[in-house]
Number of protein chains: 2
Amino acid sequence: MALKRLTRQRKAVLEVVKRAHNHPDAAWIYQEVRKVVPKVSLGTIYRTLEALVEEGYLIPITKAGEATRYDANLHPHLHLVCQGCGAIVDLEVDLPDLLTPVQEAYPQLEVREVEVAYKGLCPTCKAALKG
Amino acid sequence: MALKRLTRQRKAVLEVVKRAHNHPDAAWIYQEVRKVVPKVSLGTIYRTLEALVEEGYLIPITKAGEATRYDANLHPHLHLVCQGCGAIVDLEVDLPDLLTPVQEAYPQLEVREVEVAYKGLCPTCKAALKG
DNA sequence: CTCACTGCAAAACGTTTGCATTGAT
DNA sequence: ATCAATGCAAACGTTTTGCAGTGAG
């Protein structure tokens with residue numbers, strides 16, 4: 001892939017996601033970018049997000065059956081999806097090594113990556129549940 | 001939800017998935033069931049699979065951007081998705097408790113579930129890569 | 001001046017749904 | 001006889017793509 005040109009659309013997408021606090025999806029980003037570049041198309045949003053992910057500026061948060069959301073927080077971290085409101089909470093935790101025990105138990109495999117995702121309740125929804 | 005009737009279609013779907021060794025998706029199951037019930041519809045496949053999951057006969061393996069696959073192996077286990085051929089390998093491993101450390105680090109959250117998924121190479125693809 | 005990027009629209013993809021009909025109980 | 005389950009087809013939401021036109025370098 002050739003060098004990327006810094007267009008108005010691309011700038012806007014980057015800014016919007018960096019400013020976003022909600023781990024937004026393409027549709028939300030589209031609405032926001034339209035406030036600045038009214039004629040932007042969803043296709044461009046997708047293509048730009050794909051490029052920004054490839055370049056390492058964004059991390060995609062994928063979940064089956066749901067739209068991909070994007071995280072501008074490049075710090076290594078995990079996510080908890082709130083089962084109450086759908087919010088995604090960033091988690092900074094040190095987990096034990098999960099690769100080695102599996103690799104040792106299954107030497108005939110090549111174990112390369114693990115993905116860990118949490119579900120539960122965000123502070124607001126947890127507080128709302130009790131008193 | 002009312003009691004389930006045991007129709008030809010439902011029997012066929014259950015049999016096909018139980019016999020399958022590939023963690024098949026709805027489309028694959030559809031093709032197989034059609035060999036026995038030629039007029040079955042994809043909608044019925046989906047509705048039946050949904051019911052079988054609800055009743056606990058099947059476990060869905062979901063991955064963003066890919067079709068849901070189904071596992072008749074009800075034993076608690078993890079999966080490794082082969083990055084070479086897409087095969088899913090069952091893993092029987094005891095992982096350390098991943099819930100407690102996060103719950104303790106984030107008492108304001110309610111941490112309910114963790115999902116762990118591995119990526120790597122199945123034995124065949126690993127062997128093919130080397131000599 | 002080039003060709004990467006764009007807008008637009010159509011289509012792809014897995015999945016769900018509405019509805020009239022069928023068939024298990 | 002009942003009404004859960006079916007076949008069919010249309011629709012869904014997300015994402016991708018083809019193509020002619022635009023604009024950043």
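Note that these values count all heavy atoms, side chains included, but never hydrogens, waters or copies made by symmetry. In what follows, chains carry the letters A, B, and so on, assigned in the order in which the sequence lines appear, proteins first and then strands, with residues in each chain numbered from 1.
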Partners of B:Lys39 by salt bridge (Lys or Arg N to Asp or Glu O under 4.0 Å), sequence neighbours excluded? none
Measure the distance from [atom1] on [X] to [atom2] on [N] and round it to the nearest whole Å.
X: B:Lys63; N: C:dT15; atom1: NZ; atom2: C1'; answer: 18 Å
X: A:Leu52; N: C:dA4; atom1: CG; atom2: P; answer: 18 Å
X: B:Leu49; N: C:dT15; atom1: CG; atom2: C1'; answer: 12 Å
X: A:Ile45; N: D:dT16; atom1: CD1; atom2: P; answer: 13 Å
X: A:Lys11; N: D:dG23; atom1: NZ; atom2: C1'; answer: 13 Å
X: A:Arg47; N: C:dG7; atom1: CZ; atom2: C1'; answer: 8 Å
X: A:Arg34; N: C:dG7; atom1: CZ; atom2: P; answer: 11 Å
X: A:Tyr30; N: D:dT14; atom1: OH; atom2: P; answer: 14 Å

Below 4.0 Å: OP1/OP2 of [N] and any side-chain N or O of [X]:
X: B:Ser41; N: D:dT6; answer: no
X: A:Thr7; N: D:dG23; answer: no
X: A:Gln9; N: C:dG7; answer: yes
X: A:Lys39; N: C:dC8; answer: yes
X: B:Tyr46; N: C:dT15; answer: yes
X: A:Thr68; N: D:dT14; answer: no

Please list all pairs meeting salt bridge (Lys or Arg N to Asp or Glu O under 4.0 Å) that have one or both residues in residues 63-77 of chain B, counting only residues at least two apart or in different chains. B:Lys63-B:Glu66
Which part of the nucleic acid, if any, lies within contact of A:Arg10, taking any heavy atom under 4.0 Å across all strands shown: a base, the sugar-phosphate backbone alone, or nothing? sugar-phosphate
Which part of the nucleic acid does B:Leu42 contact within heavy-atom distance under 4.0 Å: base, sugar-phosphate only, or nothing? base
Ranking D:dG7, C:dG7, C:dT15 by distance to the side chain of B:Thr44, first place goes to D:dG7
Indicate, yes or no, whether a donor-acceptor pair under 3.5 Å links the base of C:dG23 to the side chain of B:Arg8. no
Please test A:Glu110 against B:Gln83 for side-chain hydrogen bond (donor to acceptor under 3.5 Å, both in side chains), starting from the C-alpha separation and ending with a verdict. CA-CA 10 Å; A:Glu110 178 156 327; B:Gln83 295 172 321; over 6 Å; no
Hey, which sits more toward the 5' end of DNA chain C by its nearest nucleotide, B:Glu66 or B:Leu6? B:Glu66
For residues B:Tyr118 and B:Val81, determine if any side-chain heavy atom of one lies less than 4.5 Å from a side-chain heavy atom of the other. no
Could you pull out the closest heavy-atom pair between B:Trp28 and B:Ala20, with the gap in Å? CZ3-CB, 3.8 Å
